[in-house]
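Comments concern the structure below.
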Amino acid sequence: MKGRESGMPEKDIWEEFFDPAKILATLGMDEKIRDVVEFGCGYGTFTIPAARMVKGKVIAIDIDSAMTSLTRKEAGQSGLSNIVTATRDVVADGTGVEDESIDFVMFFNILHIEQPDILLREARRILRRGGKLSIIHWNYDPLTPRGPSMEIRPKPEDCVRWAEGVGFHSPQRYDLKPYHYGIVLSK
């Protein structure tokens, strides 16, 4: 089931909103992390920098085959062999990733979907004990230049409540100026 649409702009416009490597480092991604799963990889904006930062693989999942195809192409052009793409409906079918096999999960601009608890439970299932769930989303501010409508845009406290509700703990919050907030929780 495709989540509520918030409108994906063209790639060059989308990437103007982020400094992916800086955001990933702020959220604790480094060379100590082995394997990563990204829910909703989009253009690979965060996939590519993540693959350069970790020692294992990055599994980039998206429901849209055009997005996984673009991410796979970008990985090839970047000379990265540690990216695995998968076109999947995670809400309906899960990730297909083994239980407790992942160190770090990325939920970037995705928790405005109708049933965030399904994704959060799946993230918890695949994370190793002590693994990290990282979330970024658009600030709850109607003046941001993009993002889901305010009616479906989650506030940071919503994301923390949902994640804690499925068993995550120890939330750490980050201000990812100018347009986003970040949260990292532990399994």
Side-chain angles (χ1 to χ4, degrees), residues 1-8 14 17-18 20 23-29 33 35-42 45-47 50 58-64 67 86 88-144 146-187:
M1 171 175 102
K2 191 164 184 170
R4 293 186 277 207
E5 195 58 52
S6 63
M8 194 74 168
W14 180 249
F17 298 122
F18 309 100
I23 288 171
L24 291 169
T26 298
L27 299 178
M29 185 171 288
I33 293 173
D35 299 317
V36 175
V37 171
E38 180 178 18
F39 286 59
C41 67
T45 304
F46 290 91
T47 313
V58 176
I59 301 170
I61 302 171
D62 205 290
I63 196 168
D64 187 339
M67 294 292 112
R88 292 185 68 92
D89 181 341
V90 176
V91 171
D93 303 319
T95 59
V97 174
E98 289 182 37
D99 291 356
E100 299 187 352
S101 62
I102 301 298
D103 299 306
F104 199 91
V105 168
M106 300 188 301
F107 277 10
F108 294 173
N109 298 307
I110 195 170
L111 283 181
H112 57 276
I113 68 164
E114 290 89 345
Q115 298 171 302
D117 59 307
I118 293 173
L119 294 186
L120 289 160
R121 281 188 181 90
E122 180 66 1
R124 191 168 190 288
R125 182 189 69 75
I126 65 175
L127 277 168
R128 292 180 175 102
R129 186 177 311 270
K132 303 293 183 187
L133 169 65
S134 60
I135 298 167
I136 71 167
H137 221 298
W138 294 92
N139 288 329
Y140 194 79
D141 178 353
L143 299 179
T144 57
R146 299 261 347 132
S149 69
M150 299 308 291
E151 293 79 33
I152 65 171
R153 189 181 304 198
K155 297 175 184 171
E157 54 270 21
D158 295 328
C159 295
V160 169
R161 186 179 73 253
W162 297 331
E164 289 179 336
V166 302
F168 286 99
H169 61 87
S170 306
Q172 298 175 319
R173 297 183 190 200
Y174 301 92
D175 183 1
L176 304 174
K177 291 185 190 284
Y179 305 119
H180 292 83
Y181 61 85
I183 304 166
V184 176
L185 298 105
S186 298
K187 175 178 175 181

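Numbers for residues simply follow the sequence, beginning at 1.
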Do you know the tightest heavy-atom contact between [X] and [Y]?
X	Y	result
R173	P156	NH1-CB, 4.0 Å
A60	T47	CB-CG2, 3.7 Å
L133	L127	N-CD1, 4.1 Å
M106	A50	CE-CB, 4.2 Å

Check whether any side-chain heavy atom of [X] lies under 4.5 Å from a side-chain heavy atom of [Y], and answer yes or no.
X	Y	result
W138	H180	yes
L185	I135	yes
I136	N109	yes
I23	Y174	no
R146	Y179	no

Open item on the list: Which residues pass the salt bridge (charged side-chain N to carboxylate O under 4.0 Å, His left out) test with D99, not counting sequence neighbours?
Closed with: R125
Task: CG-CD1 distance between L120 and I113, expressed to the nearest 0.5 angstrom - done: 8.0 Å
Task: Separation of I110 CD1 from L119 CG (nearest 0.5 Å) - done: 5.5 Å
Task: Selection residues 126-135 - residue pairs positive for side chain to side chain donor-acceptor pair (under 3.5 Å), sequence neighbours left out - done: D103-R128, K132-S186
Under the side-chain hydrogen bond (donor to acceptor under 3.5 Å, both in side chains) test, residues paired with [X] that sit two or more places apart:
X	answer
R153	T144
T26	none
Y181	none
E157	none

All N/O donor-acceptor pairs, side-chain side in residues 158-169, below 3.5 Å, sequence neighbours left out:
| residue | atom | partner | partner atom | Å |
| --- | --- | --- | --- | --- |
| D158 | OD1 | R161 | NH1 | 3.2 |
| D158 | OD2 | K155 | N | 3.0 |

Open item on the list: Per the salt bridge (charged side-chain N to carboxylate O under 4.0 Å, His left out) rule, what does the pair list look like for residues 176-187, sequence neighbours excluded?
Closed with: E100-K187, D175-K177
- [ ] Kindly assign one of parallel, tilted or perpendicular to the pair H137 and H112, based on the angle between their ring planes and the thresholds 30° and 60°.
- [x] perpendicular
Open item on the list: Consider side-chain contact (heavy atoms from CB on, under 4.5 Å). Of V105, I59, I126, which one does T95 pass it with?
Closed with: I126
Task: ring pair (Phe, Tyr, Trp, His ring centres under 6.0 Å) against F104, all qualifying residues, sequence neighbours excluded - done: none
TODO: Tell me, please, which residues at least two apart from A86 pass side-chain contact (heavy atoms from CB on, under 4.5 Å).
DONE: I61, R88
- [ ] Check the pair M29 / V36 against side-chain contact (heavy atoms from CB on, under 4.5 Å), numbers first and verdict last.
- [x] CA-CA 10 Å; M29 185 171 288; V36 175; 4.0 Å; yes
- [ ] Give the intermediate values and the outcome of side-chain contact (heavy atoms from CB on, under 4.5 Å) for residues I183 and F107.
- [x] CA-CA 10 Å; I183 304 166; F107 277 10; over 6 Å; no
